[in-house]
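Inspection log for the structure reproduced underneath, given as structure tokens.
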Amino acid sequence: MGNELTPRATDYSQWYNDLVLKGGLADYSAVRGCMVIKPYGFALWENMRDQLDKMFKETGHVNAYFPLFVPKSFLEKEEGHAEGFAKECAVVTHYRLKSDPNNKGKLIVDPEAKLDEELIVRPTSEAIIWNAYKDWIQSYRDLPLLINQWANVVRWEMRTRLFLRTTEFLWQEGHTAHATSEEAIGEAEKMLHVYADFVENYMALPVIKGVKTANERFAGALETYCIEALMQDGKALQAGTSHFLGQNFAKAFDVKFLSKENKQEYVWATSWGVSTRLIGALVMAHSDDEGLVMPPRIAPLQVAIVPIYKGPEQKAIVDAKVDEIMKALKAKGISVKYDDSDNVRPGWKFAEYELKGVPVRIAIGQKDIENKVVEVARRDTKEKQSVPQENIAEYISQLLEDIQQNLYNRALAYRDDHITKVDTWEEFKQVLHEKGGFVSAHWDGTSETEDKIKEEVKATIRCIPLDNPKEDGVCVYSGKPSTQRVLFAAAY
RNA sequence: CGGGAAGUGGCGCAGUCCGGUAGCGCACUAGGCUGGGGGUCUAGGGGUCGCAGGUUCGAAUCCUGUCUUCCCGACCA
């Protein structure tokens, strides 16, 4: 009641919005295109962030923080980069307000406080960071420089969607500098594998690792690597990117190092990032008509316990047993909440924890205590069963792993079932419109063909998979010769 | 940024055409009966009708502007 979600089949977009809003992940704000990440959503982000941060540190990276503002002249230095971001930048032109002399109580921009040079609110930080790297790097001994920052960025999008595309969003951006091209490419690939590891093993979301075509490449990059995930409506979503930037930024910002051979050389760069968009991917990949479904390894809450009782005497008995169970669960590092609030009844709580996607729910009442069992319900399959209280922590611990694995397997089965090989243009259009998902087809390798396909059917090349087998064929659109299949899809 | 729709207690809506000072369900507060899938009874509290102007004796209602959101499109790493 009052918390009804729009079913997926009725309106997928509305279902997604309902989940995010009613599941308590985020809310709209008074600022166009910007959202409020609510505590439950932020707890999820914190779990994702903490795990990623650990993985970055394990691969030798350190965190730093660079300014929110980028002088316009810095952004201009790398031409491709500048062109790519120019259209979506927020610009600071003044540094002061003053009282409006004609309208008491109102403020106006003080025309005398105009900045000599406009500041751009960072859409990404390559420019400000490479300006700093110039001073930090002199010798090959200063390399590699492996820095990450957790930050917010602003991209002035025309059309926004909660988590998937907002004007301001949170992310991490790694920016590394290397002595050789090979090492930089290795770094970009390594971080792509870190992302894939995280998304698959923690978010239970299978991804395809690949490289982008020139059309989809990051502004200023020589090569963009990506992980692509598939959503339940058959649309693809770029879950993370890693870029080999060559020497473009080193040249733009004049960052040179003295090699072992005592020669001045430009450094080689990478950058890589994932954002709060991953939360959108998580929601769209696993959830159902009852609500969110959180993968146990990053769930803000793993287990909710609901007491069933009549009167204070029974409540006291249940409380004591729950206390015992909670201690055992916590000892295994499982996050657990005992919901003994008296203002709603058990049925309401059941529905609420399903909406929130809590992986496991335990209900315990008089009968269970007599039988030395608890009722365990798993969110992914909605199965319920009585489980002995003895060794309950081990059971739950294993169950959480089972759920994690089941979510991954389910998403993988769906994904694999939605990669369709096609060899004719008619088939291509039919599969794209009727079945959705990735369409594996031959492509002649030209931007022109890619553009035409995009124009005609709204599908883009999501990636050329990393381990793509070579296979002679003809382009599905132009009929020209092709050496391999690539993955097309409609995308977020 | 173009086309369409919407904004009325925390949430979902009615009222707007035809102007007369705001109502329903859920939620909330207090208490009771309850308690294994969104209980129930009684008594309560809460709203500058998105915001700003205008028309009028009088505006949620008519007019103008503006902000926010949704859907479609264009755009977007």
Side-chain angles (χ1 to χ4, degrees), chain A residues 1-6 11-14 16-18 20-22 24 27-35 80-81 83-89 103 106 123-124 126 153 155-162 164-167 169 171 173 211-221 223-226 228 237-243 245 271-275 277 290-291 306-312 314-315 318 340-355 361-371 373-375 377 382 384 386 454-455 458 460 462-463 491-492:
Chain A
M1 315 276 278
N3 266 334
E4 293 295 319
L5 299 169
T6 304
D11 184 342
Y12 191 85
S13 294
Q14 195 54 50
Y16 173 80
N17 287 330
D18 282 359
V20 171
L21 297 169
K22 292 177 180 171
D27 211 344
Y28 294 118
S29 75
V31 185
R32 181 206 289 273
C34 295
M35 65 176 184
H81 189 66
E83 272 178 31
F85 284 106
K87 300 177 294 296
E88 45 186 359
C89 288
N103 202 346
K106 302 292 181 187
T124 180
E126 275 79 2
V153 287
R155 295 180 187 178
W156 214 267
E157 304 287 355
M158 288 296 111
R159 188 174 168 192
T160 57
R161 298 197 63 188
L162 294 165
L164 299 173
R165 177 168 288 115
T166 47
T167 300
F169 57 93
W171 76 343
E173 46 182 326
V211 295
K212 289 291 190 188
T213 60
N215 280 17
E216 301 282 321
R217 202 173 285 152
F218 175 76
E223 189 85 274
T224 287
Y225 300 84
C226 63
E228 292 285 327
L237 185 143
Q238 178 179 298
T241 52
S242 175
H243 316 290
L245 303 172
S271 68
W272 28 275
V274 296
S275 71
R277 185 179 221 211
E290 270 67 54
V306 176
I308 313 291
Y309 59 90
K310 296 180 190 173
Q314 286 192 9
K315 171 83 168 34
V318 171
D340 66 341
S341 57
D342 199 27
N343 56 333
V344 291
R345 310 213 326 167
W348 194 92
K349 293 177 187 174
F350 295 170
E352 181 67 10
Y353 289 113
E354 275 162 18
L355 173 64
R361 183 186 72 238
I362 296 176
I364 177 163
Q366 189 68 22
K367 289 179 209 160
D368 303 303
I369 287 173
E370 283 163 15
N371 298 326
V373 296
V374 294
E375 182 193 82
K382 298 197 208 69
K384 287 197 287 198
S386 279
K454 183 179 179 185
E455 202 176 314
K458 308 283 182 233
T460 49
R462 299 322 301 156
C463 71
Y492 277 98

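Below, each value reflects all heavy atoms present in this structure, side chains not excepted, and no hydrogens, waters or symmetry copies. Numbered from 1 within each chain, the chains take letters A, B, ... in sequence-line order.
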Interatomic distance, A/Glu83 CD vs B/C76 P [rounded to whole Å] | 12 Å
How would you label the contact of A/Val31 with the nucleic acid (heavy atoms, under 4.0 Å): base, sugar-phosphate, or nothing?
-> sugar-phosphate
Could you work out the separation of B/A14 and B/G65 based on their C1' atoms and round it to a whole Å?
-> 28 Å
A/Asp18 CG to B/C70 P, straight-line distance once rounded to whole Å = 12 Å
Under 3.5 Å donor-acceptor, A/Glu352 side chain and A/Trp348 backbone | no
Short side-chain to backbone donor-acceptor contact, A/Tyr16 and A/Leu162, under 3.5 Å = yes
For the pair made of NZ in A/Lys310 and P in B/U34, what is the distance, rounded to whole Å?
-> 9 Å
Would you tell me if any nitrogen or oxygen in the side chain of A/Lys458 comes within less than 4.0 Å of OP1 or OP2 on B/A74?
-> yes
Could you check whether A/Asp11 gets within reach of a base, just the sugar-phosphate, or nothing at all, counting any heavy atom under 4.0 Å?
-> nothing
Which part of the nucleic acid, if any, lies within reach of A/Lys349 when heavy atoms closer than 4.0 Å are counted: base, sugar-phosphate only, or nothing?
-> nothing
When you match A/Arg165 and A/Ser29 each to their closest nucleotide on RNA chain B, which lands nearer the 5' end?
-> A/Ser29
Using the C1' atom as the reference point in each nucleotide, state the distance between B/U68 and B/C24 in Å, no decimals.
-> 26 Å
Determine which nucleotide pairs with B/U68, using a 3.5 Å limit on both distances of a Watson-Crick or G-U wobble pair.
-> B/A6
Is any side-chain nitrogen or oxygen of A/Arg159 closer than 4.0 Å to OP1 or OP2 of B/C72?
-> yes
Could you tell me whether A/Glu375 contacts a base, only the sugar-phosphate backbone, or nothing, with contacts defined as non-hydrogen atoms closer than 4.0 Å?
-> base
Roughly how many Å is it from CD1 in A/Ile362 to C1' in B/G37, rounded to a whole number?
-> 17 Å
Identify the nucleotide, in any strand shown, that forms a Watson-Crick or G-U wobble pair with B/C11, with both distances under 3.5 Å; if there is none, say none.
-> B/G25
Gap between atoms OH and C1', on A/Tyr12 and B/C70 respectively (whole Å) | 17 Å
Short side-chain N/O contact to B/G37 OP1/OP2 from A/Arg361, under 4.0 Å | no
C1' spacing across the pair B/U21 / B/U16, given as an integer number of angstrom | 15 Å
Strand partner of B/G19, provided both Watson-Crick or wobble distances fall under 3.5 Å = none
For atom CD of A/Gln366 and atom C1' of B/G35, their distance in whole Å | 13 Å
Pairing nucleotide - B/G58, Watson-Crick or G-U, each distance under 3.5 Å = none
According to the Watson-Crick and G-U wobble definitions, with both distances under 3.5 Å, which nucleotide is paired to B/A74?
-> none
Please work out if A/Tyr28 contacts a base, only the sugar-phosphate, or nothing of the nucleic acid, heavy-atom cut-off 4.0 Å.
-> sugar-phosphate
Are A/Arg345 and B/G38 close enough that a side-chain N or O sits under 4.0 Å from OP1 or OP2?
-> no
Considering only atom C1', compute the distance from B/A74 to B/G3 and round it to an integer number of Å.
-> 11 Å
Check if the side chain of A/Glu354 and the base of B/G37 share a donor-acceptor pair of N or O atoms closer than 3.5 Å.
-> yes
Scan A/Asp342 against the nucleic acid and name what it touches under 4.0 Å (heavy atoms): base, sugar-phosphate only, or nothing.
-> base
Say you pick atom P in B/G45 and the same atom in B/U64; how far apart are they, in whole Å?
-> 40 Å
Does the side chain of A/Asn343 get closer than 4.0 angstrom to OP1 or OP2 of B/U29 through an N or O atom?
-> no
Is it true that a side-chain atom of A/Arg277 and a backbone atom of A/Leu164 form a donor plus acceptor pair closer than 3.5 Å?
-> yes
Backbone of A/Arg462 reached by a side-chain donor or acceptor of A/Lys212 within 3.5 Å = yes
Could you tell me whether the side chain of A/Ser341 and the main chain of A/Asn343 form a donor-acceptor pair under 3.5 Å?
-> no
For A/Gly311, which contact category applies under a 4.0 Å heavy-atom criterion: base, sugar-phosphate, or nothing?
-> base
What is the nucleic acid contact for A/Ala30, judged by heavy atoms within less than 4.0 Å: base, sugar-phosphate only, or nothing?
-> sugar-phosphate
If you look at every strand shown and take non-hydrogen atoms under 4.0 Å, does A/Ser13 touch a base, only sugar-phosphate, or nothing?
-> sugar-phosphate
P-based separation of B/C62 from B/G7 [nearest Å] | 12 Å
Of the candidates B/C76, B/C70, B/U69, the side chain of A/Arg32 sits closest to B/U69
Does A/Pro123 reach the side chain of A/Glu88, with side-chain heavy atoms less than 4.5 Å apart?
-> no
On a whole-Å scale, what distance lies between the C1' atoms belonging to B/A43 and B/U48?
-> 29 Å
Is there a donor-acceptor contact under 3.5 Å from the side chain of A/Lys315 to the main chain of A/Pro307?
-> no
Figure out the CD/P separation between A/Glu352 and B/C26, and round it to whole Å.
-> 18 Å
Would a distance-only check, ignoring hydrogens and angles, find a side-chain to backbone donor-acceptor pair under 3.5 Å from A/His81 to A/Ala219?
-> yes
Closer to the 5' end of RNA chain B via nearest nucleotide, is it A/Gly33 or A/Glu157?
-> A/Gly33
Paired nucleotide for B/G47 [Watson-Crick or G-U wobble; both distances under 3.5 Å] | none
Electrostatic pair A/Glu354:A/Arg361 at N-O distance under 4.0 angstrom | yes
Below 3.5 Å, does any donor atom in the side chain of A/Lys315 face an acceptor in the base of B/G35, or the other way round?
-> no
Separation between the P atoms of B/G20 and B/C11, rounded to whole Å = 26 Å
For A/Tyr492 and B/C75, give me the distance from atom OH to atom P, rounded to whole Å.
-> 19 Å
